[in-house]
Amino acid sequence: MVVYRISHEDIVREPTLKVNWLASNWVSPNQTTNTNISVSSCWNEFKDGQETGNSGPVPWHLEYQDESGNWVKIDENTLMPNRWVKFAKVSGEGGTAAERIGVTIYSQRESADPNPDHWSQQNEDLMKLAPLSGIHDLSISENGSVSTANCYIVNAPGTYRLPLVYGNAVKDGKTNSSAYISTLKPEDARQGRVLTHFVDYKDQPIESPLIEGAASVALLWIDDNMCGGISVSPLVDGSIILDGTETPVKYLEFTVNAPMRQSNAVIVVKDAEGTTIWSWHIWMTDYVLGEDIKTVQNYAGKQYEFMPVNIGWVDSQTSTYPERGVPLRVVQDIEGGEIFSNGIYQYATTEILVGNGTTYQFGKKDPTPGNEFLIREGRDVSDLDDYHNESNDGRKSYGPQPFTVVQKNAVTLGESISHPETGFFSADGYYSWYGTSSIPINLWDVNNDEDNSDGYSPSDFSVTKSVYDPSPVGFTVAPYDAYTGFVTDPAGDTMQGGHNSSDELDDYNTNYGMHFHCAPSGAGDTIFFPWSKMRGNNGRYGGSTGSSNVYWIASPKYSSNYESYGYVFSFSYGGKIHATAHGAGPSAGYNQAVSVRPVRETD
């Protein structure tokens, strides 16, 4: 080491710089690392070659080397231009004692520009699409009549509109009052827990299919920040043919900007006070509604027509991150001062964001962003435990009002409707966002008067779609018996048994899900169900792929507090499959957010 000396008469002051760097300057690319370095910068005094014991501080600063090879002083408390290394302090006054400096090294995923960037073939194709010309009415069906829903599919960038109608309250150009007025009376159901007249955002009965009092439009959130986004326009006056008569109606208009990617968004209309009246899920996808329908035969021989994907489906995306590094040095601010050189580096990595869809709390129409299930390079696909999904908040949402988890129960239906950006998750054991003992059992199935605990024939069930159903036009949440054909040799009231599937473990791992036969005993076509975790009582996703994958059924479950549970279809590779047909089947709490695979309406 070269020693620099500064002489004042017969006294020599020697600059000394001691830096304790990272234990390894190569760090994991897959997780954010919080660590520290320490810096001691001072001068020591010598006289006649002997230390006098006197010393003093020497100021210091940090520098990084840019792409041109130049050394650049780092500004105080800032990220470097590559934005993945941050020092809590980038300069100091110095001293003999080591000063500890915090260092944050962000994961590749949080800070890098992947190459390619969240790539999927579906996104690559969608991003090439030019915007459609004109304004397209999402409520117009193939026969030219108006049919509405809470979820609309968009297949290309362009400008779209939809009439202000409660959910599916208009069907084939006619008022569909059966979507919000039940034929039931409280005495028809166990403990009287039915909603005879569905309500609006003020908890008042819905008396007309048309939404009144809307003053403005807003985008709440979108779950992809690499697409062109959505722009909303002011409300527009228009009309629809309703019950054979031209009827004035307000229209919501919005533009899906290019480039479009597979993604989901929530758009709302608000009243003059700024309160949300109603909301719609806009699902941007290459999937064309009505295509690739899978006809599935249940255990009793009844057939259901399933959509081939979950609501809000986004295919798996691959991100490849190159190796990266930044040379760094600590420099003393004194002529002839010492310099310590090192750097921080991250390995290259590849990760897959496994395909997922939006999830839903039981009985609600509003989506929550899907699961963030990551598989990183180096994981062993032969070991299910290696796919462990750490608890997470799901896909990030972007916009003026991103999706938020709130620990609160005893929420009314109206409060839930007026806060589509909020997931209400119970913290007190109710397992219900409603949180009381009087929650209706027919929120998704208007005329459901049973909790299906009495062993009814599995061929008797159907769903009367409600204005709270999250499915697109023409589809509903699956009825009680829709999944029973996926079980072989069922035993007991839960329809528990083996898998009606030819998939091996490697198939299950490689495909991130399971193919089931559409007819009993391994016959017919197959339908795919991906890994599907749910948001738990705390509003976060969790669990490994070895645990159950769950899908909502439109029915509640009876127990001593049955008002808090809904039935689910449940499967995993290693264990038995549960496809409810009658009796006490598998369930999830009303407040837990679960995937939905809809079936075609039967009436």
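These values consider heavy atoms only, across backbone and side chains, with no hydrogens, waters or symmetry-generated copies.
- For the residue pair Thr255/Thr159, the side-chain donor-acceptor check at 3.5 Å is satisfied.
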For this session: Decide side chain to side chain contact (heavy atoms under 4.5 Å, CB included) for Val217 and Leu235; before the verdict, give the C-alpha distance in whole Å, the side-chain angles of both, and the deciding distance to 0.1 Å.
Result: CA-CA 7 Å; Val217 183; Leu235 290 167; 3.4 Å; yes
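- Taking CG from Asp333 and OG from Ser91, the interatomic distance works out to 8.0 Å, rounded to the nearest 0.5 Å.
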For this session: Begin from the C-alpha positions of Gln317 and Asn123 and carry the test side chain to side chain contact (heavy atoms under 4.5 Å, CB included) through to its verdict.
Result: CA-CA 9 Å; Gln317 302 172 52; Asn123 277 337; 3.7 Å; yes
Problem set entry | Residue pair Ser55, Asn44: steps toward the side chain to side chain donor-acceptor pair (under 3.5 Å) verdict | CA-CA 4 Å; Ser55 63; Asn44 292 305; 4.5 Å; no
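- In this view, Gln65 and Trp71, Pro327 satisfy the side chain to side chain contact (heavy atoms under 4.5 Å, CB included) rule, not counting sequence neighbours.
- Atom-to-atom distance recorded for Trp531:CH2 and Phe373:CZ is 5.0 Å, nearest 0.5 angstrom.
- Checked against the 6.0 Å centroid criterion, the rings of Trp84 and Tyr106 do not qualify as a close aromatic pair.
- The shortest non-hydrogen separation linking Asn549 to Tyr508 is ND2-OH, 3.0 Å.
- Val256 and Val154 make their closest contact through CG2-CG1, 4.1 Å (heavy atoms, listed as atom of the first residue, atom of the second, distance).
- Between Phe529 and Phe571, the closest side-chain pair of non-hydrogen atoms falls below 4.5 Å.
- Crowding of Gln121 atom CD: a count of heavy atoms from other residues, nucleotides or ligands under 6.0 Å exceeding 12.
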For this session: Decide yes or no on side chain to side chain donor-acceptor pair (under 3.5 Å) for Ser41 and Gln332, but give the supporting numbers first.
Result: CA-CA 7 Å; Ser41 177; Gln332 286 187 307; 2.8 Å; yes
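- Of the N and O atoms on the side chains of Ser432 and Asn591, not one donor lies less than 3.5 Å from an acceptor on the other residue.
- Between Arg109 and Glu372, at least one side-chain N (NZ, or NE/NH1/NH2) sits under 4.0 Å from a carboxylate O, which counts as a salt bridge.
- One finds a salt bridge joining Glu99 and Lys89 here, because a Lys/Arg side-chain nitrogen approaches an Asp/Glu carboxylate oxygen to under 4.0 Å.
- Under the ring-ring contact (aromatic ring centres under 6.0 Å, His included) criterion, His61 pairs with no residue at all, not counting sequence neighbours.
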For this session: Start with the C-alpha distance between Glu415 and Tyr201, add both sets of side-chain angles, then the distance that settles side chain to side chain donor-acceptor pair (under 3.5 Å), and finish with yes or no.
Result: CA-CA 6 Å; Glu415 186 175 358; Tyr201 77 117; over 6 Å; no
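- Annotation: side-chain hydrogen bond (donor to acceptor under 3.5 Å, both in side chains) contacts of Asp224 (sequence neighbours excluded): Arg261.
- With sequence neighbours excluded, no residue forms a side-chain hydrogen bond (donor to acceptor under 3.5 Å, both in side chains) with Trp221.
- A centroid separation of less than 6.0 Å is found between the aromatic rings of Trp552 and Phe362.
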Problem set entry | Evaluation steps, side chain to side chain donor-acceptor pair (under 3.5 Å), between Asn257 and Ser231 | CA-CA 7 Å; Asn257 302 305; Ser231 306; 3.1 Å; yes
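- Note that OH of Tyr398 is 11.5 Å distant from OG of Ser263, once rounded to the nearest 0.5 Å.
- Leu219 CG to Ile267 CD1: the interatomic distance, rounded to the nearest 0.5 Å, is 6.0 Å.
- Residues meeting the salt bridge (Lys or Arg N to Asp or Glu O under 4.0 Å) test with Arg329, sequence neighbours left out: Glu63.
- Asp286 and Gln262 form a side-chain donor-acceptor contact under 3.5 Å, judged by distance and modelled atom types alone.
- Pro15 and Gly336 get closest at one heavy-atom pair: CG-O, 4.1 Å.
- In this structure, Glu421 CD and Gln401 CD are separated by 4.5 Å, a value rounded to the nearest 0.5 Å.
- From Met260, atom CE reaches atom SG of Cys227 across 9.0 Å, with rounding to the nearest 0.5 Å.
- Side-chain rings of Tyr434 and Tyr590 stay apart, their centers remaining 6.0 Å or farther from each other.
- With Leu252 as the partner, the side-chain contact (heavy atoms from CB on, under 4.5 Å) test is satisfied by one option alone out of Tyr160, Trp280, Trp278: Trp280.
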Exercise. For Phe254 and Ile282, what are the C-alpha separation, side-chain angles and deciding distance, and is it a side chain to side chain contact (heavy atoms under 4.5 Å, CB included)?
Worked result: CA-CA 10 Å; Phe254 63 94; Ile282 307 302; 3.8 Å; yes
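- More than 12 heavy atoms of other residues, nucleotides or ligands lie within 6.0 Å of CD in Glu323, so this atom counts as buried by the packing criterion.
- Judged as a salt bridge (Lys or Arg N to Asp or Glu O under 4.0 Å), and not counting sequence neighbours, Asp366 has no contacts.
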For this session: Check the pair Val85 / Phe87 against side chain to side chain contact (heavy atoms under 4.5 Å, CB included), numbers first and verdict last.
Result: CA-CA 7 Å; Val85 178; Phe87 291 89; 3.8 Å; yes
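- By the 30° and 60° cut-offs, the orientation of the rings of His281 relative to Tyr360 is tilted.
- For the side chain to side chain donor-acceptor pair (under 3.5 Å) test with Asn371, the passing option among Thr358, Asn392, Asn356 is Asn392; the others fail.
- In this structure, His419 and Phe424 have perpendicular ring planes: the angle between them is above 60°, well past the 30° mark.
- With sequence neighbours left out, the side chain to side chain contact (heavy atoms under 4.5 Å, CB included) criterion links Glu93 to Pro59.
- The side-chain hydrogen bond (donor to acceptor under 3.5 Å, both in side chains) check on Arg597 picks up Asn310, with sequence neighbours excluded.
- For the pair Tyr287 and Ile153, the minimum side-chain heavy-atom distance is below 4.5 Å.
- Exactly one residue among Thr285, Asp223, Thr368 makes a side chain to side chain donor-acceptor pair (under 3.5 Å) with Asn264. That residue is Asp223.
- Take Glu51 and apply the salt bridge (Lys or Arg N to Asp or Glu O under 4.0 Å) test, not counting sequence neighbours, and it matches no residue.
- When only modelled atom types and interatomic distance are considered, Gln592 and Arg535 share no side-chain donor-acceptor pair under 3.5 Å.
- Judged as a side chain to side chain contact (heavy atoms under 4.5 Å, CB included), and not counting sequence neighbours, the contacts of Asp66 are Tyr64, Ser68, Asn70, Val72.
- Not a single side-chain hydrogen bond (donor to acceptor under 3.5 Å, both in side chains) links Thr96 to another residue, sequence neighbours left out.
- Contacts of Glu124 classified as salt bridge (Lys or Arg N to Asp or Glu O under 4.0 Å), with partners at least two apart in sequence or in another chain: Lys128.
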